[in-house]
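Down below is the structure, laid out as structure tokens.
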Amino acid sequence: MSKYTIIVEGKFLQDYHCVFPEYSEKIRQYIAGHGGVVIRRQKIERVLYGDDSPDFFMVIDFPSKDIAETLFFDQEYLDIIPLRNKVFSVFKMYMAPFGDV
């Protein structure tokens, strides 16, 4: 069983800070409850190269591909999405095998 990584990038809504603490707590508990380890959460200060301008970046490691691939389609996570939609105007999630290229 090899580890997998989920990478999240997002663009905040203007009033995201009103609901971000609640969303953050729920998503952190959900991730930890399924063996995920948040490696880094970062607010982006500025884009040096490229056209996209995300405000937020997060890297999460999971113990297996199966968990990483299915976790964010479980009903428990789907129930968090309405809250997530009050935080982010754009939300992207990517999955990659753990390790270097």
Problem set entry | Side-chain donor or acceptor of Thr70 paired with backbone N/O of Asp66 under 3.5 Å |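 Indeed, once roles are kept as given, a pair shorter than 3.5 Å links the two residues.
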
Problem set entry | Donor-acceptor pair, side chain of Ser89 and main chain of Lys11, under 3.5 angstrom | yes

Side-chain heavy-atom pair [X], [Y] within 4.5 angstrom cut-off:
X	Y	result
Ser24	Arg28	yes
Lys43	Phe56	no
Met93	Ile6	yes
Glu69	Tyr4	no
Phe12	His17	no
Phe57	Val8	no
Pro82	Asn85	no

Out of curiosity, [X] [atom1] to [Y] [atom2], how far, rounded to the nearest 0.5 Å?
X	Y	atom1	atom2	value
Met58	Glu9	CE	CD	12.0 Å
Ile39	Thr5	CD1	OG1	7.5 Å
Leu83	Phe20	CG	CZ	10.5 Å
Leu71	Glu76	CG	CD	8.5 Å
Asp74	Ile80	CG	CD1	10.5 Å
Tyr16	Tyr23	OH	OH	13.5 Å

Problem set entry | Donor-acceptor pair between Arg46 and Ser53 side chains, under 3.5 angstrom |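 Absent: no donor and acceptor within the cut-off.
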
Exercise. Can you tell me if NZ on Lys86 sees more than 12 non-hydrogen neighbours from other groups inside 6.0 Å?
Worked result: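 No - once you tally the heavy atoms of other residues, nucleotides and ligands closer than 6.0 Å, there are 12 at most.
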
Exercise. Mind checking whether His34 and Tyr30 have parallel, tilted or perpendicular rings, split at 30° and 60°?
Worked result: tilted

For this session: Using the six-membered ring wherever Trp is involved, compare the ring planes of Tyr77 and Phe72 and label them parallel, tilted or perpendicular (cut-offs 30° and 60°).
Result: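 The rings of Tyr77 and Phe72 stand perpendicular, inter-plane angle above 60°.
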
Problem set entry | Stepwise ring-ring contact (aromatic ring centres under 6.0 Å, His included) test for Phe98 and Phe62 | CA-CA 9 Å; Phe98 182 83; Phe62 286 97; over 10 Å; no

